[in-house]
2 protein chains.
Amino acid sequence: MFTSVEERAAVDVVDGVRIPPLDGEGPIWLQIRRSLAFVILTGDWPAGTRVPTELYLTRYYATSRMTVNKALLSLASEGLIERRPKLGTVVTSRARERPVFEIWDAADAVHRIGGHYGYRLLECGIMPADAPERGELAVDTKTPIIRMMCLHLSDERPFQLEERLINVEAAPKITCQPLEDVSPGQWLLANVPWTEARHAISARGASPMVAAHLQLDEGDACLVVERRTWSGSVPVTLGRFWYPGDNHSLEGRFRPSW
Amino acid sequence: MFTSVEERAAVDVVDGVRIPPLDGEGPIWLQIRRSLAFVILTGDWPAGTRVPTELYLTRYYATSRMTVNKALLSLASEGLIERRPKLGTVVTSRARERPVFEIWDAADAVHRIGGHYGYRLLECGIMPADAPERGELAVDTKTPIIRMMCLHLSDERPFQLEERLINVEAAPKITCQPLEDVSPGQWLLANVPWTEARHAISARGASPMVAAHLQLDEGDACLVVERRTWSGSVPVTLGRFWYPGDNHSLEGRFRPSW
DNA sequence: TTAGCTCATTTGTATAGTCAAAAGAAACTG
DNA sequence: CAGTTTCTTTTGACTATACAAATGAGCTAA
């Protein structure tokens, strides 16, 4: 294809923005995906920006069109870009809004609504071998489990109450110490890879304990999100997140799969 | 490639199940996807069944491996199958559990939990041009909107209360008549294509009206799902679904996108 | 026996093309 | 000038092929 430097596109700048080069890590199509996702998610290419054509990118990255195509289709399937024959490929207006289902971190959610984020650790410790809640994380009784509870604040007001179980064998470096300052979601995201996650969303009346922490009345409707993650077949963590139901909602976007 | 019938695979049966042939509609990779999704979703290939290899399917469908590959990757990305080099491709244990986020129809959800589905239309009519709720569906005041309310039952007990606005211009054949017997979700699914949908999920205390229909006490926590769909940029419908919060939950599965 | 090596199978990724479909732009015609 | 046709660009789909990576199975040697 394009082996010599001379044959490659001379310009690697679109609307004054330099497209990051490939980083050499993993499959080329994923490198291209990251490269383009970066300029889109940072806002360097705002909504409506025309993404270079497949042919241009093929030359720029010195690869084949199928490879570029795979990267672009993958971005399109997540709604970052829209593509139409002849018109070309453009950055969508909702490129930077990730569905709230995918927000893994309360700090993210607070920043998204423009609040000032605060964090308070309420409890933390190793769970006794005979505690009944052990069953919620399907590991045997010898495996140590950290149980902790914390509060996430937006502008000093309670935003989310978090109960969390962590399988210490899946997250060997975890102790209560880092959790004094950094939320378990952030710590786990940075330290433990996961391969699958499940959510269950329900509505429940606030228990006295929950009501106290969230400054609600007992029985007030709360939105409860439970998130379990696995690394392979090993359970990593269970998080249960309580939101005051009256002023929070989870949003998501869907497209037909055909 | 394989042009003559003789060169094609002689056998088109796996574990005694005939793989449906291509139906000729749309791209080949989507036809293959449908063909395989059919035998998986019907349960003909239960969890653990080994899907034929790409090479076999390439011969069976008389196409190229890349085309088969695209279909299989698309099924894998939705979790219907799992693929590993050398081991092959197998039907996953969760192939038939679609995330409840994607369940478009209460009858589906009731059948999934093994209940007997019932439907009752409560109200139906054209919304007045000056009704305040018109704003919820962003169309101008001349556009007629059907507003209706119905109850979905599981084993004769209230399962879900549905409020629904339908843009008549986007669904020209809609009237209150078919909605006597068939739920709006089913009717719309069968009659109006959509290109995008959004959900918002929240928890709310039951209003007197909701409490009466769902046989709850006023203020009891309910899970409320709002689903809006568009066809292109035209709003099609808004559905608001109320579930008794204590015994319902929405579930979903996620995988990392890297 | 067991640890390590080799081999075969299957998927994963990449290449280099081709033709088709969509749709805006330009040219043409009445 | 309005409507129609043709041209051109860009994405969509497909083919045929190649090599790499993963991994179970079987073989070999200490």
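Just so it is clear, the model here is predicted, and its values are computed rather than measured. Chain A is the first sequence line, chain B the second, and so forth, proteins listed ahead of strands; every chain is numbered from 1.
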Let's go through I201(B) and V225(B) carefully: what are the C-alpha distance in whole Å and the side-chain angles of both, what is the deciding distance for side chain to side chain contact (heavy atoms under 4.5 Å, CB included) to 0.1 Å, and is it a yes or a no?
CA-CA 5 Å; I201(B) 302 172; V225(B) 177; 4.3 Å; yes

If I take atom [atom1] in residue [X] and atom [atom2] in nucleotide [N], what distance separates them, rounded to the nearest angstrom?
| X | N | atom1 | atom2 | result |
| --- | --- | --- | --- | --- |
| I32(A) | dT13(C) | CD1 | P | 13 Å |
| M66(A) | dG12(D) | CE | C1' | 10 Å |
| L22(A) | dA14(C) | CG | C1' | 14 Å |
| L55(A) | dT11(D) | CG | P | 9 Å |
| Y56(B) | dT11(C) | OH | P | 14 Å |
| R33(B) | dA13(D) | CZ | P | 13 Å |
| R59(B) | dT15(D) | CZ | C1' | 16 Å |
| L72(A) | dT10(D) | CG | C1' | 12 Å |

For W29(A) and for P85(A), locate the closest nucleotide of DNA chain C by heavy-atom distance; then report the residue assigned to the nucleotide nearer the 5' terminus.
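By nearest-heavy-atom nucleotide position, the 5'-most residue is W29(A).
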
On DNA chain C, does the nearest nucleotide to Q31(A) precede the nearest nucleotide to L87(A) from the 5' side, or the other way round? Give the residue.
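It is Q31(A), whose closest nucleotide lies nearer the 5' terminus.
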
Base dG12(C) paired with R84(B) side chain (donor-acceptor, <3.5 Å):
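By the distance-only test, no, there is no pair.
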
I'd like to know if the side chain of [X] and the backbone of [Y] have a donor-acceptor N/O pair within less than 3.5 Å.
| X | Y | result |
| --- | --- | --- |
| R50(A) | L87(A) | yes |
| E196(A) | W230(A) | no |
| Y61(A) | I28(A) | no |

Counting only side-chain nitrogens and oxygens, does [X] get under 4.0 Å of the OP1 or OP2 atom of [N]?
| X | N | result |
| --- | --- | --- |
| T67(B) | dT15(D) | yes |
| R83(B) | dG12(C) | yes |
| T89(B) | dT11(C) | yes |
| T63(B) | dT15(D) | yes |

Under 4.0 Å, counting only non-hydrogen atoms across every strand here, what does I28(B) touch: a base, just sugar-phosphate, or nothing?
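Result for I28(B) = sugar-phosphate.
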
Consider the side chain of [X], meaning its heavy atoms from C-beta on, and name the nucleotide among [options] that approaches it most closely.
| X | options | value |
| --- | --- | --- |
| K86(A) | dA14(C), dA22(C), dG12(D) | dA22(C) |
| S64(A) | dT11(C), dA13(D), dT15(C) | dT15(C) |
| R65(A) | dT18(C), dG24(D), dT15(D) | dT18(C) |

For atom CZ of R112(A), is the number of surrounding heavy atoms from other residues, nucleotides or ligands below 6.0 Å larger than 12?
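Yes, enclosed.
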
